[in-house]
Enquirer: 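Let me give you the structure first, and then I'll get to my questions.
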Amino acid sequence: MEKTSKKDTNSLTRRSFIKKSTAMGLGVYATAGMGPWFIKDALSSSGNLNLYTWPDYSKAEVIKAFEKSTGIKVKVTNYSSNQECMNKLRAARAKGFDIAQPSITEIALHMEFELYQTINESKIPNMKNLEPSFYESSKKQGGVINGKRIGLPYDWGTEAITFNTDKLNYKYGELSFGTMWEPEFIQKVTCRPHSVFIGAGLYLDATGQVPSNRMYDTYESEAKMRKVYDEILKFLISKKKNIKMFWNNAQDHQLAFLQNGCIIGQTWDGPIMTMKKEGKPVTYMAPKEGAMTWVDSMSIVKNAENLEQAYAFINWAYTPEAGAIMAKSTGYNSPVIGVDNLLDEKTKQGFKDAYPGNALDNLWWYPNEQPWFVPARTEYRDKFQAA
C-alpha cells in the first residue's frame, strides 16, 4: 500500500482520501450508460416518497431540503439495525416503502428474500457526481448482485473510539480498541453488542493473542468465524464489568456520554461528530488497529409504488448540495464530488481530528457478508449479553 509522508497526512481531507482510493486501483466509473432520460415531472411537481431509513438520515435538514428541491413529500419510517430493516421488509412483502438504506454489505442477505429491484442507472443523471472509487468498490461490497445493480452508495462512516475530553487525552497511535478494556474503565464503557466483537478481534489479532488476518478470516467460512469468535467471546466476557451501557442506535450515544457516566467507548462517528460540533466534551478518533469502515446504500424496494420519486431521491442525493447537507447534519461522509467545498470549518476539522496521521490508509473495511454470517454473529451477541 502506498505510504504517505507526515507532511501529506496532516492535510488529508475527505476529498484527498477519495482521490487516493481511486489512484490505488479501485477503478474508474464509465459514464457511457448515461442517457437523456429525465424523471418525468418528479422534480417539478408534487408527489410522495416512502423512505425507510436510519434515524440519522431522516434529519429535518435533509428531508426539508429534498422536499423544497423537488416538491415531493416524504413519509419517513426508521429502523435501528440492518436486521430490523430486512425483517420488516420481509413481513411487508417488500411493499409500503420506496427507498431503503441498508448497509451495502447487507444487501446480498436481503436479496435472499428479493427485497429490492434492479436500479436503472440511466435514470440518474447526477450519477456523474459519484466518486469513481465508491461506484467501483460498491460492486464487490454488495451493490451488484448477479450482475445487476441493486444498491448505490449513499454515505460512508466508521466505528472507532470516543472518549470524554474533560477526563481523558489520547494521541493517535496510542489509542487502541483494547484501551477501553483497561481496569480503570470499570462501568465507564459503551459499545454495541455485536460490532464490539470486531473491535476486540482487531485488538487481539494485532497483539498476537487471537490471529485472524485482521478479522477477515471470520468472513471466509463459518468454521473459521466460530474458531475466532469463541476466543473473542471469552475475552469480552472476562471484561464485561467495564461495560456501563450497550448502544444500539445514534440516540444512545448521547445518553451514554451525557447522562449515563460513560467516558470511553466504541461508537459510530456521526453522532459523536455532531455532539462535538455542539461543544460537548467528546472527541472521536481512529485507533491504531484501524477504524471499522462501512458504506450505506440507496436501494429501491421491490414493490415500490412511487418509482419516479424514488429515482428523484437518488438523483437529488448525488448533488454536492445534498451531500453537504447530509454531512453537516449527520457527521457522516458523502461520496459525492464537490461536497468538500461546501462544508463548514467545524465539520472539516472534526474529520481531521478523527483520522490523523496514517488513519485513512489504515481503515478496516467491512467485507460482504454471506447469509450464514449474521445468524452466527447474532448467536455470539446473545451469548455475550446473557453472560
Side-chain angles (χ1 to χ4, degrees), residues 1 81-83 86 102-110 112 137 140-142 156-162 173 175-183 185 189-243 246-248 264-269 285-295 359 361-387:
M1 179 173 292
S81 70
N82 285 296
Q83 195 161 8
M86 180 183 73
S103 297
I104 208 156
T105 54
E106 299 276 336
I107 290 177
L109 176 60
H110 291 205
E112 291 284 307
S137 62
K140 294 182 179 180
Q141 290 173 324
W156 67 276
T158 63
E159 191 169 320
I161 301 295
T162 292
L175 187 64
S176 165
F177 277 124
T179 301
M180 61 189 189
W181 305 117
E182 294 174 358
F185 296 127
V189 171
T190 187
C191 61
R192 186 166 53 162
H194 72 78
S195 57
V196 72
F197 277 82
I198 297 174
L202 289 170
Y203 162 69
L204 294 171
D205 177 68
T207 55
Q209 298 178 65
V210 183
S212 65
N213 185 29
R214 289 191 86 200
M215 289 297 286
Y216 290 121
D217 285 351
T218 65
Y219 290 85
E220 290 185 0
S221 70
E222 186 170 355
K224 288 185 177 181
M225 183 263 201
R226 289 185 177 278
K227 181 179 179 181
V228 173
Y229 268 59
D230 282 344
E231 297 304 313
I232 297 173
L233 179 62
K234 293 176 186 177
F235 171 81
L236 288 175
I237 291 175
S238 74
K239 303 292 184 180
K240 194 176 180 183
K241 58 188 176 182
N242 280 31
I243 298 174
F246 286 118
W247 63 264
N248 290 291
I264 192 169
Q266 181 179 312
T267 74
W268 285 331
D269 52 349
M285 185 182 293
K288 57 187 177 182
E289 295 90 359
M292 298 153 49
T293 311
W294 45 264
V295 176
D361 285 331
N362 197 39
L363 294 176
W364 183 89
W365 290 86
Y366 274 97
N368 192 19
E369 296 172 355
Q370 299 300 315
W372 55 264
F373 184 85
V374 173
R377 182 184 65 189
T378 300
E379 177 188 325
Y380 282 94
R381 178 204 67 187
D382 292 347
K383 287 180 179 179
F384 177 40
Q385 288 188 283

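Side chains are part of it too, since the values below use all heavy atoms of this structure and drop only hydrogens, waters and symmetry mates.
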Enquirer: Please determine if Glu369 and Arg377 form a salt bridge, counting it only when a charged side-chain N lies under 4.0 Å from a carboxylate O.
Expert: yes

Enquirer: CH2 of Trp294 to OG1 of Thr105: how many Å apart, nearest 0.5 Å?
Expert: 10.5 Å

Enquirer: When rounded to the nearest 0.5 angstrom, what is the spacing between CD1 in Ile243 and CG in Leu236?
Expert: 7.0 Å

Enquirer: Given 3.5 Å as the limit, does a donor-acceptor pair link the side chain of Trp181 with the main chain of Lys240, or not?
Expert: no

Enquirer: Closest heavy-atom contact between Asn82 and Pro102?
Expert: OD1-CA, 3.4 Å

Enquirer: So, are Arg226 and Glu379 salt-bridged, with charged N and O less than 4.0 Å apart?
Expert: yes

Enquirer: Kindly compute the distance separating NE2 (His194) from CD (Gln385), expressed to the nearest 0.5 Å.
Expert: 10.0 Å

Enquirer: Which residues pass the side chain to side chain donor-acceptor pair (under 3.5 Å) test with Lys140, sequence neighbours left out?
Expert: none

Enquirer: For the residue pair Val295 and Trp365, what are the closest heavy atoms and their distance?
Expert: CG2-CZ3, 3.9 Å

Enquirer: Do Phe384 and Val196 have side chains that get closer than 4.5 Å, going by heavy atoms?
Expert: yes

Enquirer: Of all the heavy-atom pairs spanning Asp205 and Pro211, show the shortest one and how long it is.
Expert: OD1-CA, 3.4 Å

Enquirer: Can you name the nearest heavy-atom pair linking Tyr366 to Ser195, along with the distance?
Expert: OH-CB, 3.9 Å

Enquirer: Find out whether Phe373 and Glu106 are in side-chain contact, i.e. whether some heavy atom of one side chain is under 4.5 Å from a heavy atom of the other.
Expert: no

Enquirer: Strictly distance-based, threshold 3.5 Å: is any side-chain N or O of Asn242 a donor or acceptor partner for the main-chain N or O of Val189?
Expert: no

Enquirer: Phe177 and side-chain contact (heavy atoms from CB on, under 4.5 Å): which single residue from Ile198, Leu202, Leu204 fits?
Expert: Leu202

Enquirer: Are the side chains of Trp268 and Arg192 in contact, using a 4.5 Å heavy-atom criterion?
Expert: yes

Enquirer: Does the side chain of Thr293 come under 3.5 Å of the side chain of Thr158 through a donor N or O and an acceptor N or O?
Expert: no

Enquirer: Measuring only between side-chain heavy atoms, which start at C-beta, is Ile161 closer than 4.5 Å to Thr179?
Expert: no

Enquirer: Please check this pair: side chain of Arg214 against backbone of Glu289, looking for a donor-acceptor N/O pair closer than 3.5 Å.
Expert: yes

Enquirer: Side-chain donor-acceptor pair under 3.5 Å between Ser81 and Gln83, yes or no?
Expert: no

Enquirer: Parallel under 30°, tilted from 30 to 60°, perpendicular over 60°: which one fits the rings of Tyr229 and Phe197?
Expert: parallel

Enquirer: Kindly give the heavy-atom pair with the smallest separation between Lys288 and Ser176, and that separation in Å.
Expert: CE-CB, 3.8 Å

Enquirer: Looking just at side-chain N and O atoms, do Asn368 and Tyr219 make a donor-acceptor pair shorter than 3.5 Å?
Expert: no

Enquirer: Is it the case that the side chain of Asp269 and the backbone of Glu159 share a donor-acceptor pair, with hydrogens and angles ignored and the cut-off at 3.5 Å?
Expert: no

Enquirer: Can any side-chain N or O of Asp217 pair as donor or acceptor with the backbone N or O of Lys224 at less than 3.5 Å?
Expert: no

Enquirer: Which heavy atom of Pro287 sits nearest a heavy atom of Ala160, and at what distance?
Expert: CD-CB, 3.6 Å

